[in-house]
S.K.: 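Okay, here's the structure, questions in a sec.
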Amino acid sequence: MPTQIPERVCVEWHLNFVAEIRNGVVERSYFTERDVEETIFSEFSEELVKRLRRYFKGREVDFRDVPVTYPTDFSGRVLEIVRGISFGKVRSYFDIANEVKTSPRAVGVAMKMNRVPVIVPCHRVVARNGIGGYSCGVGVKRMLLELEGVKM
DNA sequence: TCAATCCGAGCGG
DNA sequence: CCGCTCGGATTGA
């Protein structure tokens with residue numbers, strides 16, 4: 001029986017990376033300067049934090065099987081596609097937009113709505129002519145792409 | 001309605 | 001190569 005109390009994991013990197021979990025679902029993740037206290041009760045979170053630590057050491061880790069929540073129907077559709085982009089690869093807003101028959105701008109909106117950066121790798125979506133934006137800061141996006149060995 | 005978006009293309013210098 | 005403008009889909013107010 002999963003706990004009702006939210007769990008929290010914190011991984012050290014350039015900034016700390018925090019993920020909040022409830023009932024085996026990652027509900028939110030974010031970067032912060034602060035140190036955040038971890039609360040881990042479940043096997044699931046134990047496993048997740050191990051994988052995150054490996055990821056931030058630069059190892060290739062796949063988060064595709066991790067349950068997450070999507071804000072809206074549309075953004076969910078877009079973010080599902082984004083989850084399909086593998087470690088070290090990038091796609092453009094334009095490209096994704098064509099796949100879901102929408103506009104690049106709308107894809108940008110959907111990226112911004114992503115509750116769980118890194119787990120859903122929206123940093124792998126870049127502009128056609130540059131790195132594009134990132135709600136956690138473009139600097140963070142650059143560092144993540146560098147971590148994955150992507151040359152822009 | 002309307003403004004705000006992690007964009008892209010087109011145009012005039 | 002710049003900077004500006006506009007089309008554009010979606011969301012939340």
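Note on naming: letters A, B, ... go to the chains in the order of the sequence lines (proteins, then strands), and numbering restarts at 1 for each one.
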S.K.: Donor-acceptor pairs under 3.5 Å, side chain of residues 110-122 of chain A to any protein atom, not counting sequence neighbours: which ones?
M.R.:
| unit_1 | atom_1 | unit_2 | atom_2 | d |
| --- | --- | --- | --- | --- |
| A/N114 | OD1 | A/V116 | N | 3.0 |
| A/N114 | ND2 | A/V120 | O | 3.0 |

S.K.: Sequence neighbours excluded, which residues qualify as side-chain contact (heavy atoms from CB on, under 4.5 Å) partners of A/S86?
M.R.: A/R64, A/K89
S.K.: A/S103: which residues meet the side-chain contact (heavy atoms from CB on, under 4.5 Å) condition with it, sequence neighbours left out?
M.R.: A/R105, A/A106
S.K.: Quick one: what's the B/S/- string for nucleotides 8-13 of chain C, heavy-atom cutoff under 4.0 Å, read 5' to 3'?
M.R.: BBBSS-
S.K.: Quick one: do A/N16 and A/V36 satisfy side-chain contact (heavy atoms from CB on, under 4.5 Å)? Show the steps, please.
M.R.: CA-CA 8 Å; A/N16 288 331; A/V36 174; 5.9 Å; no
S.K.: Tell me, which pairs form a side chain to side chain donor-acceptor pair (under 3.5 Å) where one or both residues lie in residues 138-152 of chain A, sequence neighbours left out?
M.R.: A/Y55-A/E148, A/Y93-A/K141, A/H123-A/E148, A/R124-A/E148
S.K.: For DNA chain B, what residues of residues 83-96 of chain A have any heavy atom nearer than 4.0 Å?
M.R.: A/Y93, A/F94
S.K.: Excluding sequence neighbours, so at least two apart, what forms side-chain contact (heavy atoms from CB on, under 4.5 Å) with A/R51?
M.R.: A/E47, A/R54, A/V61, A/F63, A/D65, A/V66
S.K.: Any side-chain to backbone donor/acceptor pair from A/E7 onto A/S42? Under 3.5 Å, distance only.
M.R.: yes
S.K.: Sequence neighbours left out, what passes side chain to side chain donor-acceptor pair (under 3.5 Å) with A/E46? Give chain and number order.
M.R.: none
S.K.: Below 4.0 angstrom, which residues in residues 140-151 of chain A have at least one non-hydrogen atom near DNA chain B?
M.R.: A/K141
S.K.: Kindly assign one of parallel, tilted or perpendicular to the pair A/W13 and A/F31, based on the angle between their ring planes and the thresholds 30° and 60°.
M.R.: tilted
S.K.: Please work out the stems of DNA chain B from pairs that are Watson-Crick or G-U wobble with both distances under 3.5 Å, keeping only runs of three or more consecutive pairs.
M.R.: B:1-5 with C:9-13, B:7-13 with C:1-7
S.K.: If hydrophobic residues (ILVMFWY) are linked whenever their side-chain heavy atoms come closer than 4.5 Å, directly or via other members, who joins A/V150 in its cluster?
M.R.: A/V90, A/V126, A/I131, A/V138, A/L145, A/M152
S.K.: How long is the span from the CG atom in A/L52 to the OG atom in A/S45, to the nearest 0.5 Å?
M.R.: 10.0 Å
S.K.: Should A/F56 and A/I21 be regarded as members of a common hydrophobic cluster, given that ILVMFWY residues are connected when their side-chain heavy atoms come within less than 4.5 Å of each other, either directly or indirectly?
M.R.: yes
S.K.: Using the salt bridge (Lys or Arg N to Asp or Glu O under 4.0 Å) rule, collect all pairs that involve residues 8-21 of chain A, keeping only residues at least two apart or in two chains.
M.R.: A/R8-A/E20, A/E20-A/R28
S.K.: Using whole Å, report how far NZ of A/K112 lies from P of B/dA3.
M.R.: 17 Å
S.K.: Applying a 4.0 Å non-hydrogen cut-off, can you work out what A/G108 is touching in the nucleic acid: base, sugar-phosphate, or nothing?
M.R.: sugar-phosphate
S.K.: Over how many whole Å does the gap from A/M111 atom CE to B/dA4 atom C1' extend?
M.R.: 17 Å
